[in-house]
J.: 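For reference, the structure I am asking about is given below.
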Amino acid sequence: MTKLLAFAELKDGEIRNVSYETISAARQIDEGAEVVAIVFGNQNVEDAAKQMIQYGADRAVTVTDDKLEHYTSDGYTQAAMAVIDQEDPDGLVMGHTSAGKDLAPRIASKLDSGLISDITGIEGDQFVRPIYSGKAFEKKSIKDGKTFVTIRPNNIAPLDQDESRSGDVSALDVDIQDLRTIIKDVIRKASDGVDLSEANIVVAGGRGVKSSEGFEPLYEMADVLGAAVGASRGACDAGYCDYSLQIGQTGKVVTPDLYIACGISGAIQHLAGMSNSKVIVAINKDPEANIFNVADYGIVGDLFDVVPKLTEELKALQVN
Amino acid sequence: MNIFVLMKKTFDTEEKIQINGGVIEEDGAEFIINPYDEYAIEEAIKIRDDHGGEVTVVTVGNEESEKQLRTALAMGADKAVLINTEDDLEESDQYSTVRILEAYFEDQEVDIILAGNVAIDKASGQVGPRLADKLDIPYVTTITNLEIDGDTANIVRDVEGDEEKIETSLPLLVTCQQGLNEPRYPSLPGIMKAKKKPLEELEIDDLDLDEDDVEAKTETVEVFLPPEKEAGKVLEGETDDQVKELVSLLKSEAKVL
């Protein structure tokens, strides 16, 4: 039987959604495979392992160590290689997140295997991934070695949670040592709210927002929708918001179900970060703005007039 | 210090993508230095100016890559190396590229290697970490600040918007993120000087590799363009009506609320 590892990613002891998506991706690669969740961290590791099983993994292997509190390449590589040595899997699935991007190539190097990064779909033994900033796609397959992929968050739907599902959780002892990169400090700048790269709805502002106060109506709408707030590079460069909000070629790439662009002109670099969103709404004063070319629905108007009214309408919808 | 930059040429950001005979049409396209590699070149030049040494820019590419290498030399790099795989490799992937780079670096004394964190064409982001693993040196990805003091490097790295402060040591590989610096434009005297700077051209034979050693582990089966998006619906009428219509469309037509 094929055996696939699904990598769970914890942030401050909380499991990230993309972790569940790695399980459904593994099932799409081979429905009959044994899917083994791997969970590393310093706290809540066993709980996270049980959650992974509830979301469809058959069993889980955990490594718990204080040195695994934050992701480091050396620490996580040692843990991952210990699990891989024990399990000898046919393939691995990780999220294409900051940690996944850093770790997966190194593991692939250690295994002398290929790695297909940032996939958004699986069709049999072919993996679909955007290239040229989403202006084209390619289908790739593995010629030789293990099936190793990283998945873009929010593209491969997780399986439904089944709280009655159970499986074996085994702890593996790994002596994590000799970390060559030491994390001295972590400064949280990304908002505490919804994780931008995993959000189902994103409300984003551009230069048209005009100031940092101008983002307030966007935050109010995001609150009502349970959405994350993002921004164009223009808004970040102008100092209206932190670069941690930037969406685009040099920022985050998002693929929410609904993307609401407010006062964003739609430069090609911005489109690279959001054009694969399922439904795009554009609100802009300029009817010629490029964003209307990718939008499913557009409102030509002043965002400071439109957004508060839209927020009220959305509130009304929720009450009903 | 022996400072190396891994560089790749990419399509100009504004370039329209067309497919011809199952592959991306490159004829007539404008190529640029991958924007993230520009940060790497700029940082390399700054390190050299502060600490002394030499900046060597390395690319795995084809004859046309010389243009971007000359641009890097015009920015201020000292030497360029083009590993030309045009005649030897039909299909390559990140595994192949790193086998080639690993063979090249076997004979080099390295203090630091800088690369972009991702190339904007194929966007795998694999080459930096894979190469560091093969060379058995530490690496830090998506860096936004770098201070070198002796053998110690203090680094700030971007983690999805949060900042991590990291201490590590040389030799080291880093991949560069937006915010690290503002890459300079080549000056006219820089462009003149670049013409005389050394540009070494190698093929995989020169690195004691043959085609089998660098055979790709993955293959591209198909390249396609996303379906043309139908023109969106621009709503009409007073703002109040537009807003009501939008919410109703999002709920019943798009089914996203």
Side-chain angles (χ1 to χ4, degrees), chain A residues 73 97-98 101-102 105-106 108-110 113-118 126 131-133 135-145 180-190 197 243-244 249-250 257-258 268-269 278-279 281 292 294-301 305-306 309-310 313-314 317, chain B residues 11 13-14 17 19 24 35 93-95 98 120-126 129-130 132-134 138-142 159-169 178-179 216-226 229 232-235 239-240 242-244 246-247 249-251 254 256-257:
Chain A
S73 165
T97 59
S98 179
K101 288 180 213 177
D102 195 273
R106 182 159 179 207
S109 170
K110 291 237 175 285
S113 79
L115 167 62
I116 303 177
S117 316
D118 196 22
Q126 298 180 2
I131 51 174
Y132 296 89
S133 309
K135 286 189 272 189
F137 288 82
E138 63 178 1
K139 284 184 191 166
K140 294 205 79 167
S141 65
I142 304 277
K143 265 166 72 181
D144 179 28
R180 295 173 298 180
T181 58
I182 309 296
I183 300 175
K184 299 294 216 184
D185 199 7
V186 180
I187 300 161
R188 301 269 179 226
K189 298 186 95 177
S197 53
Y243 279 102
S244 62
Q249 189 150 62
T250 42
D257 293 337
L258 173 60
I268 191 154
Q269 291 84 352
K278 285 168 201 96
V279 176
V281 172
F292 287 115
V294 299
D296 299 280
Y297 305 107
I299 293 184
V300 178
D305 177 33
V306 176
K309 285 179 174 156
L310 186 53
E313 197 60 33
L314 290 164
L317 178 76
Chain B
F11 265 52
T13 326
E14 308 285 339
I17 303 295
I19 291 173
I24 304 273
D93 66 0
Q94 300 81 13
Y95 172 82
V98 171
I120 61 169
D121 50 6
K122 297 295 180 68
S124 86
Q126 294 182 27
R130 273 181 181 262
D133 182 68
K134 290 296 181 208
Y139 65 90
V140 182
T141 52
T142 57
V159 183
E160 299 176 6
D162 291 334
E163 282 182 355
E164 261 177 22
K165 298 198 167 176
I166 288 177
E167 189 182 301
T168 184
S169 58
Q178 181 203 4
K217 300 283 184 184
T218 59
E219 67 185 334
T220 303
V221 185
E222 190 187 340
V223 179
F224 60 100
L225 298 178
K229 222 172 164 168
K233 201 181 275 181
V234 174
L235 308 178
T239 309
D240 290 323
Q242 287 180 329
V243 162
K244 281 199 173 68
L246 176 62
V247 171
L249 285 167
L250 290 177
K251 190 170 188 292
V256 287
L257 290 181

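Lettering of chains follows the sequences in order, A, B, ..., and the numbering in each one begins at 1.
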J.: How close do P226(B) and A136(A) get, heavy atom to heavy atom, and via which atoms?
T.: CD-CA, 3.9 Å
J.: Just give me the residue among G232(B), P138(B), P129(B) that pairs up with chain A most often, heavy atom to heavy atom, under 4.5 Å.
T.: P138(B)
J.: Of the non-hydrogen atoms in V300(A) and Q242(B), which two are nearest, and what is the gap between them?
T.: O-OE1, 4.3 Å
J.: Counting heavy-atom pairs closer than 4.5 Å to chain B, which one of K278(A), Q269(A), E138(A) comes out on top?
T.: E138(A)
J.: Would you check, one step at a time, whether the test side-chain contact (heavy atoms from CB on, under 4.5 Å) holds for I131(A) with V223(B)?
T.: CA-CA 9 Å; I131(A) 51 174; V223(B) 179; 4.3 Å; yes
J.: Can you tell which part of L235(B) gets under 4.5 Å to a heavy atom of chain A, answering side chain, backbone, both or neither?
T.: both
J.: Counting only heavy atoms closer than 4.5 Å, note whether T181(A) contacts chain B via side chain, backbone, both or neither.
T.: both
J.: Heavy-atom distance under 4.5 Å between the side chains of R130(B) and P105(A), does that happen here?
T.: yes
J.: Where the side chain of Y139(B) meets the backbone of D102(A), is there a donor-acceptor pair that is under 3.5 Å apart?
T.: yes
J.: With a 4.5 angstrom heavy-atom cut-off, could you sort out which part of I268(A) is near chain B: side chain, backbone, both or neither?
T.: side chain
J.: Which atoms of E164(B) come close to chain A, meaning under 4.5 Å heavy atom to heavy atom: side chain ones, backbone ones, both, or neither?
T.: both
J.: What pair of heavy atoms forms the shortest contact from L258(A) to L257(B), and how long is it?
T.: CD2-CD2, 4.1 Å
J.: Where do L225(B) and K135(A) come nearest, in terms of heavy atoms and distance?
T.: CD2-O, 3.6 Å
J.: Please classify the contact between I19(B) and chain A as side chain, backbone, both or neither, with a heavy-atom cut-off of under 4.5 Å.
T.: neither
J.: Counting neighbours of NZ on K165(B) that are heavy atoms of other residues, nucleotides or ligands and sit closer than 6.0 Å, is the number greater than 12?
T.: no
J.: Would you check if the side chain of Q126(B) reaches a backbone N or O of L115(A) as a donor-acceptor pair within less than 3.5 Å?
T.: yes
J.: Taking 4.0 angstrom as the limit, do K184(A) and E167(B) come out as a salt bridge?
T.: yes
J.: Given that the side chain runs from C-beta out, which part of F137(A) has a heavy atom under 4.5 Å from chain B: side chain, backbone, both or neither?
T.: both
J.: Run the side-chain contact (heavy atoms from CB on, under 4.5 Å) test on Y132(A) and K122(B) for me, step by step, so that the C-alpha distance in whole Å, both residues' side-chain angles and the decisive distance to 0.1 Å come before the verdict.
T.: CA-CA 6 Å; Y132(A) 296 89; K122(B) 297 295 180 68; 4.2 Å; yes
J.: Under a 4.5 Å heavy-atom cutoff, which of L250(B), T220(B), V243(B), D133(B) has the most pairs with chain A?
T.: D133(B)
J.: Which atoms of S124(B) come close to chain A, meaning under 4.5 Å heavy atom to heavy atom: side chain ones, backbone ones, both, or neither?
T.: both
J.: Donor-acceptor check, side chain of E222(B) to backbone of K139(A), threshold 3.5 angstrom: yes or no?
T.: no
J.: Please classify the contact of V279(A) with chain B as side chain, backbone, both or neither, using a heavy-atom distance under 4.5 Å.
T.: side chain
J.: Evaluate side-chain contact (heavy atoms from CB on, under 4.5 Å) for I120(B) paired with Q249(A), printing each intermediate quantity in order.
T.: CA-CA 8 Å; I120(B) 61 169; Q249(A) 189 150 62; 3.8 Å; yes
J.: Which answer fits A295(A), side chain, backbone, both or neither, if we ask what part of it has an atom under 4.5 Å from a heavy atom of chain B?
T.: backbone
J.: Classify the side-chain pair T239(B)/K309(A) by whether it contains a donor and acceptor separated by less than 3.5 Å.
T.: no
J.: Taking side chain as everything from C-beta outward and backbone as N, CA, C, O, which of these in Q126(A) sits under 4.5 Å from a heavy atom of chain B? Side chain, backbone, both or neither.
T.: side chain
J.: Not counting sequence neighbours, which residues clear salt bridge (Lys or Arg N to Asp or Glu O under 4.0 Å) with K251(B)? List them please.
T.: none
J.: Please report the shortest heavy-atom distance between K140(A) and T218(B), naming the atom on each side.
T.: NZ-OG1, 3.2 Å
J.: Roughly how far apart are E313(A) CD and L246(B) CG, rounded to 0.5 Å?
T.: 9.5 Å
J.: Closer than 3.5 angstrom, by distance alone: can the side chain of T168(B) be matched with the main-chain N or O of R180(A) as a donor-acceptor pair?
T.: yes
J.: Sort E219(B) into side chain, backbone, both or neither according to what part of it lies under 4.5 angstrom from a heavy atom of chain A.
T.: both
J.: Based on non-hydrogen pairs under 4.5 Å, which of I116(A), I142(A), I299(A) is most in contact with chain B?
T.: I299(A)
J.: Check whether Y95(B) gets within reach of chain A through its side chain, its backbone, both or neither, counting any heavy atom under 4.5 Å.
T.: side chain
